[in-house]
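Here is how names work: the chains are called A, B, and so on, in the same order as the sequence lines, proteins then strands, and each is numbered from 1.
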2 protein chains.
Amino acid sequence: MTDDRLRRQIEFIVEIDKLKSVLRQTTLVDGSRRENSAEHSWHIALMAVVLAEHANTEVNLLHTLKMLLIHDTVEIDAGDTFAYDEVGALDKEEREDRAARRIFGLLPEDQRAEFYTIWLEFEARETPESRLANAMDRMMPVLHNYYNHGGTWRRHDIEITRERVEKRVHPIDDGSHELWTFIEELLDDAVGRGMLTP
Amino acid sequence: MTDDRLRRQIEFIVEIDKLKSVLRQTTLVDGSRRENSAEHSWHIALMAVVLAEHANTEVNLLHTLKMLLIHDTVEIDAGDTFAYDEVGALDKEEREDRAARRIFGLLPEDQRAEFYTIWLEFEARETPESRLANAMDRMMPVLHNYYNHGGTWRRHDIEITRERVEKRVHPIDDGSHELWTFIEELLDDAVGRGMLTP
């Protein structure tokens, strides 16, 4: 007979399938459709494997990957809040905390506590791992937009300027000065090519 | 100026976005659409974090996660070969090897070699990490089908019986006897409920 511990783990695994139906504002690089938070999580996790060497401080890569794989699951209940949505931002924290308690609460107690702590760590951006993880998360939409002729920088009613993008993605610098320099060059180029308002 | 190493890494990261457009036969658990290989990779990676404790032998979880995040990227060129497609299986290995050489070849040499080796390790199923990784990969479609009223077990022209499914997913046992026992119970139940031909 399967024990209760495994049953709870399976229940969590089946539940998080719903993250595949949470749509982000960003499209795929080819612009064919909006991307979802599950495939985005895969992308930034593999990105971290490739780019971890550029972190400002040495990181525990396993811990960083756990963080990237887990951090968006709260969106199953809380939805994806667009980076430049100031109204949505107001109660984002409360909505996501409620979601974290329910979703991680499906797991056995020790794993619930571990996942919840890792999620809080990601949000707080205070450890080397969470700084690198956040750098990945902020950097990816810049790549998507740049390689898709401006993407969501040009798509929304909200006016998105270089200044706003820079403010939004500035946490990249806390994770990696090297990657931040690269992103600054990319934004310069995006402005130069008319993809992004100066 | 951004150096050549970082440029190659970014090129790889942008290229693998295409995995989000590679469709698998399996649908989401809610049956709303077919899932893609990128979101599937995220799902089995997080599954491994949750279930690693059930592995037959202790595993290096970081190595397992790298394997799961990387292993499907070859499908960008080679496509997803359906598990019960005997014709597709004939040249699968050759197609995927060519893909691995091109796609990992975008990376700097040391990372190209690392990723290619990890991919070969996954395919060979000889190490504890690759056995656990393969167990995750084989187990997930069983969960999807079971929680979606039979899913692809009932959808295809090809006759899929319990015996064929069991043969296909038997590598789960090499990764974890405990999870294999659980899956056997699930298959019994699926047959009992008429989701799967005995």
With a 4.5 Å cut-off on heavy-atom pairs, point out which of A/Ser41, A/Pro108, A/Ser21 contacts chain B the most.
A/Ser41
Under 4.5 Å from a heavy atom of chain B, the part of A/Gln111 involved:
side chain
Do side-chain atoms of B/Arg125 reach the backbone of B/Arg131 as a donor and acceptor pair under 3.5 angstrom?
no
Turns out that what part of A/Ser37 lies under 4.5 Å from chain B's heavy atoms comes down to neither
B/Leu179, B/Leu143, B/Asn36: which one forms the most heavy-atom pairs within less than 4.5 Å of chain A?
B/Asn36
Side chain, backbone, both or neither: which part of B/Leu61 has an atom under 4.5 Å from a heavy atom of chain A?
both
Looking at B/Glu11 and B/Arg7, does any basic side-chain N land under 4.0 Å from a carboxylate oxygen?
no
Does A/His177 offer a backbone N or O that forms a donor-acceptor pair with the side chain of A/Asn56 under 3.5 Å?
yes
Between B/Tyr116 and B/Phe104, what is the ring plane arrangement, given parallel below 30°, perpendicular above 60°, and tilted in between?
perpendicular
Counting heavy-atom pairs under 4.5 angstrom with chain B, the leader among A/Ile10, A/Leu107, A/Thr73 is A/Ile10
Could you look at A/Leu68 and say if it's the side chain, the backbone, both or neither that has a heavy atom under 4.5 Å from chain B?
neither
Which bit of A/Arg8 comes within less than 4.5 Å of chain B, counting heavy atoms only: side chain, backbone, both or neither?
neither
Using ring centroids (six-membered ring only for Trp), state whether A/Trp42 and B/His40 fall under 6.0 Å.
no
Given heavy-atom pairs under 4.5 angstrom as the criterion, report whether the side chain, backbone, both or neither of A/His63 touches chain B.
neither
Side chain of A/Asp137, backbone of A/Ala133: donor and acceptor closer than 3.5 Å?
no
Under 4.5 Å from any heavy atom of chain B, what part of A/Asn60 do you find: side chain, backbone, both or neither?
neither
Highest number of heavy-atom pairs under 4.5 Å with chain A among B/Arg33, B/Glu178, B/Lys18 belongs to B/Arg33
Decide, yes or no, whether a salt bridge links A/Arg138 with A/Asp174 under the criterion of side-chain N to carboxylate O below 4.0 Å.
no
Which word best sums up how the rings of B/Phe122 and B/His71 line up, parallel for under 30°, tilted for 30 to 60°, or perpendicular for over 60°?
tilted
Part of B/Glu53 lying under 4.5 Å from any heavy atom of chain A
side chain
Let's test your reading of the structure: which of A/Leu65, A/Ile16, A/Leu19 forms the most heavy-atom pairs below 4.5 Å with chain B?
A/Ile16
Going by the rule side chain to side chain contact (heavy atoms under 4.5 Å, CB included), which residues pair with B/Asp17 if we only count those two or more places apart in sequence or in a different chain?
A/Leu28, A/Val29, A/His43, A/His144, B/Lys20
